[in-house]
Amino acid sequence: MQILEELDWSPLFISLKTGVVATVISFFLGIFAARKVVKASPGKKAVIDGILTLPMVLPPTVAGFFLLLLFSRRRPLGEFLFDEFGFKVVQTWLGCVIAATVIAFPLMYRNARASMEQIDANLVYAGRTLGMSDTRIFWKVIVPTAGPGIASGTILTFARALGEYGATSMLAGNIPGKTGTISQKIAMVIQDGDYLAAGIWVAIVMVIAFFVIFLMNLISGKKMKNIGRW
Amino acid sequence: MAISVEICKRLHNFSLDISFESNSKRIGILGASGCGKSMALKSIAGIVTPDTGRITVENRTLFDRGNKINLKPQKRNVGYLFQNYALFPTMTVEKNIAAGLKGNKKENAERVREMVEKFHLTGLEKRLPGQLSGGQQQRAALARIMAYEPDVILLDEPFSALDMYLKDRLQQELIQMLEDYEGTVILVSHNRDEVYRFSEELLIIDEGCIVAEGPTKELFRNPVKKEAARLTGCKNFTRVTRIDDHTVMAEEWGTVLKTKRKVPDDVAYAGYRAHDFIPVWGERGENMLKFELESTAALPFEQNYYLKPKNGNNGASVICWFVQREKLDILQKKGMPDYLELDEEKILLLK
């Protein structure tokens with residue numbers, strides 16, 4: 001038990017913090033993007049959907065490559081952000097958040113979109129003929145009706161953001177106490193041959209992962225409440 | 001002018017092209033599924049935009065392509081009762097009714113309470129739509145529309161999703177609930193019984209065009225066109241040639257028909273409703289058909305006979321004769337009649 005007392009818990013908090021912030025950002029961006037895509041014409045839809053889903057399909061290292069191209073201080077955007085606002089992305093916690101957000105965002109967006117597309121268009125028409133503004137219809141009718149899909153999207157996004165490794169290691173690096181997340185910690189201690197420490201972190205990740213899946217089943221179970229079991 | 005509508009819209013396989021004006025408070029639109037009648041309602045509500053046309057309600061222009069007026073659905077003040085009612089599934093009955101209200105909290109609560117009472121929803125205020133029966137859902141949807149005080153209410157096939165036994169009661173309920181409503185109500189349906197009991201004035205639409213219009217009862221008595229007659233439920237048609245002002249030759253039935261109504265010059269068909277035949281035993285008189293029995297079908301409250309006319313030309317289609325249960329006894333006693341007589345008042349003369 002001595003090892004638990006000596007354990008540096010910082011990776012857990014960095015991962016949780018990153019996961020929460022990335023999920024909050026993805027939540028709003030994902031719903032916003034889903035709304036735009038649902039309303040777009042079929043051609044536009046295919047293109048935008050392709051771009052938004054890419055980070056989920058590509059290896060995270062490819063996303064990491066593009067993120068470095070964008071945010072490196074030797075590049076225009078990175079330079080601009082640093083000079084104007086003092087934002088440093090590469091090798092910082094902000095980099096963790098951006099990498100996790102980019103990788104996890106498609107899960108939020110796709111789940112939100114799928115559940116919005118299933119909504120009866122008549123609900124929107126009914127809202128309009130009742131004098132409700134489109135914004136009001138969106139937040140009062142569409143989002144609650146798509147609720148279970150959005151909720152499971154949020155949980156998956158959180159889980160994905162929590163475990164992000166590839167893009168994070170490229171953009172944010174693995175600085176202990178600063179950008180060292182659980183997944184990076186595990187890779188590092190295994191390289192050192194410290195299987196006990198690795199095992200502890202693996203157990204922690206597994207507990208979190210199981211809890212996430214359990215939550216999701218609870219939510220989708222609630223959604224299925226009115227449908228017969230077999 | 002209560003309502004005036006002029007709509008042209010190109011759809012996938014045909015064009016919707018209708019125009020009508022009416023002062024009537026209860027208008028029915030009858031047409032087969034997919035004839036464009038729902039599209040007409042959606043155009044009035046502003047859910048879809050017609051290619052050209054003009055829509056006005058009580059001198060308020062909702063849409064006028066020429067003058068580039070196209071009010072948003074939110075500004076039209078037109079209530080729309082959807083076939084599936086479109087109640088917001090995550091809101092309680094109360095919240096659904098309040099959804100479109102603009103007043104302050106107290107006014108809205110008062111209005112909701114009033115509607116709940118009027119539409120017999122007391123005790124159901126906190127229920128979600130999924131926990132209501134079909135009839136309760138319909139009342140809630142109507143309460144939601146009425147709370148908003150629309151100038152026009154559009155009913156889009158409101159009964160087609162319901163079980164047979166519920167239909168009749170809900171139709172009556174809807175008519176009663178709308179009794180004291182001052183505005184115009186337009187009912188769209190493919191069911192002739194629904195439009196007959198509901199509307200004072202009727203439009204019959206076929207493939208996007210109005211084929212007949214007029215006071216409902218008059219239109220059922222004289223539908224003028226063959227397609228209109230078919231939609232009002234007439235089953236039997238024959239091509240005819242005019243002989244004189246009150247006589248036609250029914251080609252497919254092989255008989256001369258005397259008619260009470262004056263035969264119009266451009267008459268092309270005669271129609272006769274399946275319930276209106278009179279069985280005759282013995283001597284052949286005027287307006288009688290000789291036939292051969294093809295098949296029969298037993299229904300709970302009537303018997304259907306499908307007959308082939310004798311002496312008709314070869315292309316003759318089957319004649320339907322529906323006999324109600326009370327009259328079946330005579331048939332069972334006397335056997336099949338020798339002839340079927342057509343009442344000269346009930347023959348439809350059609351274009």
Side-chain angles (χ1 to χ4, degrees), chain A residues 27-28 30-31 34-35 38-43 111-155 216 218-229, chain B residues 38-39 41-49 62 71-92 95-103 108 115 128-132 137 140-157 161:
Chain A
F27 180 84
F28 290 103
I31 289 177
R35 183 186 184 189
V38 168
K39 283 175 145 186
S41 60
N111 273 284
R113 186 190 145 189
S115 52
M116 280 183 203
E117 275 175 341
Q118 301 212 346
I119 290 177
D120 180 6
N122 283 348
L123 292 182
V124 177
Y125 300 149
R128 285 188 191 152
T129 55
L130 288 167
M132 294 166 79
S133 70
D134 276 6
T135 321
R136 200 174 143 79
I137 293 171
F138 183 73
W139 289 108
K140 292 272 172 187
V141 178
I142 295 178
V143 170
T145 308
I150 290 176
S152 65
T154 310
I155 294 168
M216 239 183 66
L218 263 191
I219 289 168
S220 56
K222 214 171 154 194
K223 184 173 96 179
M224 304 287 282
K225 177 171 74 180
N226 297 323
I227 300 168
R229 292 165 210 273
Chain B
S38 275
M39 203 47 93
L41 282 199
K42 291 201 164 88
S43 303
I44 297 172
I47 296 166
V48 297
T49 308
L62 304 184
L71 291 191
K72 286 203 219 164
Q74 283 94 333
K75 301 264 173 255
R76 293 197 178 195
N77 215 19
V78 170
Y80 199 116
L81 186 69
F82 290 86
Q83 191 176 334
N84 59 1
Y85 311 130
L87 289 165
F88 303 136
T90 56
M91 291 186 197
T92 59
K95 292 237 171 75
N96 261 289
I97 297 174
L101 295 180
K102 289 282 178 309
N108 289 354
M115 287 297 133
L128 291 172
Q131 299 163 325
L132 300 178
Q137 285 187 31
L142 207 56
R144 182 173 73 172
I145 292 168
M146 292 295 235
Y148 183 61
E149 294 180 319
D151 299 332
V152 183
I153 293 181
L154 309 174
L155 308 173
D156 189 358
E157 299 263 10

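Order of the sequence lines fixes the chain letters, A, B, ..., with proteins taken first and strands second; residue numbering starts at 1 for each chain. Basis for what follows: all heavy atoms, side chains included, without hydrogens, waters or symmetry-related copies.
A:Lys140 places a side-chain heavy atom less than 4.5 Å from the side chain of B:Met91.
Residues of residues 144-154 of chain B having a heavy atom under 4.5 Å from any heavy atom of chain A, listed by number: B:Arg144, B:Ile145, B:Tyr148.
Only the side chain of B:Lys102 comes within contact range of chain A, with at least one heavy atom under 4.5 Å from a heavy atom of that chain. Only the side chain of A:Asp120 has a heavy atom closer than 4.5 Å to any heavy atom of chain B.
For A:Arg128, the side-chain hydrogen bond (donor to acceptor under 3.5 Å, both in side chains) partners at least two apart in sequence or on another chain are A:Asp134. By the ring-ring contact (aromatic ring centres under 6.0 Å, His included) test, B:Phe88 pairs with no residue at all, sequence neighbours left out. With sequence neighbours left out, B:Gln131 forms a side-chain hydrogen bond (donor to acceptor under 3.5 Å, both in side chains) with no residue at all.
A distance of 10.5 Å separates CG of A:Leu130 from CZ of A:Arg136, quoted to the nearest 0.5 Å. One finds the CG atom of B:Asn108 at 12.5 Å from the NZ atom of B:Lys95 (value rounded to the nearest 0.5 Å).
For the pair B:Gln74 (side chain) and A:Met132 (backbone), a donor-acceptor distance under 3.5 Å is present. Using a distance-only test at 3.5 Å, with no hydrogens or angles considered, no donor-acceptor pair links the side chain of B:Arg76 to the main chain of A:Thr129.
Of the residues considered (B:Asn84, B:Leu81, B:Leu101), B:Asn84 shows the highest number of contacts with chain A, using heavy-atom pairs under 4.5 Å. Contact tally against chain B (heavy-atom pairs below 4.5 Å) for A:Gly131, A:Ser133, A:Gly127: the top residue is A:Gly131.
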